Amino acid sequence: MTTNPSEKQSRFDPEPMPRRDFLGLAALGSMAAAFILSIFGMLKLPKAAVSASPAKKFSVALPDTLVEGEPFVPPGRNVAVFRDGEGVFAISTICTHLGCIVKAGTTGFECPCHGSGFEKDGTVRKGPAPKPLPWLKVSKSGSTYTVDEETTVKTGTKI
Ligand code: FES
């Protein structure tokens with residue numbers, strides 16, 4: 001059907017949009033929608049659940065009932081504190097293999113992850129742990145002790 005150029009276009013019958021323009025407009029609209037949705041998606045990302053780590057230096061009051069050679073693990077700490085006839089000392093309970101928390105007992109330490117075993121003084125009894133458990137610095141103030149998890153001392157250091 002041919003249209004007569006002199007024929008006036010009705011406003012209720014607009015000129016059809018060429019296919020190329022329509023597709024270009026559709027692509028532009030899709031990109032805008034994707035951009036806006038991605039912004040909303042980023043805003044809804046969960047916030048990092050970072051909590052402040054506890055101080056690495058902490059005070060510990062050893063229970064009066066603590067038996068000589070028995071470990072005392074302060075709640076929330078990766079340290080075992082011992083008292084024996086020579087003094088008080090602390091050993092880290094972080095496995096030297098891959099960092100699991102070892103279980104402290106009266107016969108030593110056992111790692112639940114890969115089976116490493118440590119003697120009561122932290123030396124390796126059974127691998128794969130490559131190194132002994134480190135001894136940590138302990139200081140005394142009155143009847144309380146302060147353990148510094150960031151400072152290691154020579155094995156056998158007691159106060
Ligand atoms: S982390 Fe302890 S043995 Fe592997």
Side-chain angles (χ1 to χ4, degrees), residues 1-63 71-82 89-139 141 144-155 157:
M1 179 172 121
T2 59
T3 55
N4 183 354
S6 65
E7 212 175 279
K8 193 169 181 189
Q9 180 92 27
S10 163
R11 66 180 209 192
F12 297 110
D13 185 23
E15 187 175 318
M17 179 183 277
R19 179 181 298 184
R20 180 175 292 183
D21 290 351
F22 173 76
L23 291 175
L25 202 58
L28 198 62
S30 298
M31 285 180 7
F35 178 74
I36 290 169
L37 289 175
S38 70
I39 296 294
F40 278 117
M42 282 191 275
L43 292 176
K44 291 193 74 156
L45 283 176
K47 303 283 183 269
V50 176
S51 59
S53 61
K56 295 295 181 184
K57 224 176 190 180
F58 61 95
S59 295
V60 60
L62 294 178
F72 173 69
V73 179
R77 298 292 177 173
N78 299 323
V79 172
V81 184
F82 296 87
F89 57 100
I91 298 178
S92 170
T93 56
I94 300 173
C95 184
T96 55
H97 179 223
L98 292 178
C100 288
I101 305 304
V102 298
K103 295 199 183 321
T106 51
T107 58
F109 303 87
E110 302 297 329
C111 182
C113 292
H114 309 105
S116 285
F118 302 87
E119 300 291 349
K120 284 175 73 171
D121 65 354
T123 55
V124 178
R125 178 188 332 128
K126 188 175 111 195
K131 295 187 300 186
L133 297 173
W135 284 45
L136 304 172
K137 183 179 178 188
V138 179
S139 52
S141 171
T144 61
Y145 295 89
T146 301
V147 178
D148 184 351
E149 289 180 282
E150 291 183 319
T151 306
T152 58
V153 294
K154 191 170 164 247
T155 297
T157 306

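Only a predicted model underlies this, so the values are computations on that prediction, with no experimental measurement involved.
- Considering CZ of Phe118 and OG of Ser92, their distance stands at 9.5 Å, rounded to 0.5 Å.
- The distance from the CG atom of Asn78 to the NZ atom of Lys56 is 7.5 Å, given to the nearest 0.5 Å.
- Within the structure, salt bridge (Lys or Arg N to Asp or Glu O under 4.0 Å) pairs that include any residue of residues 99-115 comprise Glu110-Arg125 (at least two apart or interchain).
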Checking Arg77 against Glu149 for the salt bridge (Lys or Arg N to Asp or Glu O under 4.0 Å) test, could you report, in this order, the C-alpha distance in whole Å, the side-chain angles of both residues, the deciding distance, and whether it holds?
CA-CA 9 Å; Arg77 298 292 177 173; Glu149 289 180 282; 3.2 Å; yes
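- Of the inter-residue distances, the one linking Trp135 atom CH2 with Phe89 atom CZ reads 4.5 Å to the nearest 0.5 angstrom.
- Under the side-chain hydrogen bond (donor to acceptor under 3.5 Å, both in side chains) rule, Asp148 has a single partner from Thr151, Thr146, Thr152, which is Thr151.
- With Ser30 contributing its side chain and Ala26 its backbone, the two residues share a donor-acceptor pair below 3.5 Å.
- Interatomic distance, Leu23 CG to Leu28 CG, rounded to the nearest 0.5 Å: 12.5 Å.
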Given disulfide bond (SG atoms under 2.5 Å apart), test Cys100 with Cys113 step by step and report yes or no.
CA-CA 6 Å; Cys100 288; Cys113 292; 1.9 Å; yes
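- Between His114 and His97, the ring-plane angle classifies as perpendicular under the 30° and 60° cut-offs.
- Legend: residues meeting side chain to side chain donor-acceptor pair (under 3.5 Å) with Thr123, ordered by chain and number and at least two apart, are Asp121.
- Taking the side chain as every heavy atom from C-beta outward, Ser59 and Tyr145 never approach each other to under 4.5 Å.
- Pairs passing the salt bridge (Lys or Arg N to Asp or Glu O under 4.0 Å) check and including a residue from residues 22-43, sequence neighbours excluded, do not occur.
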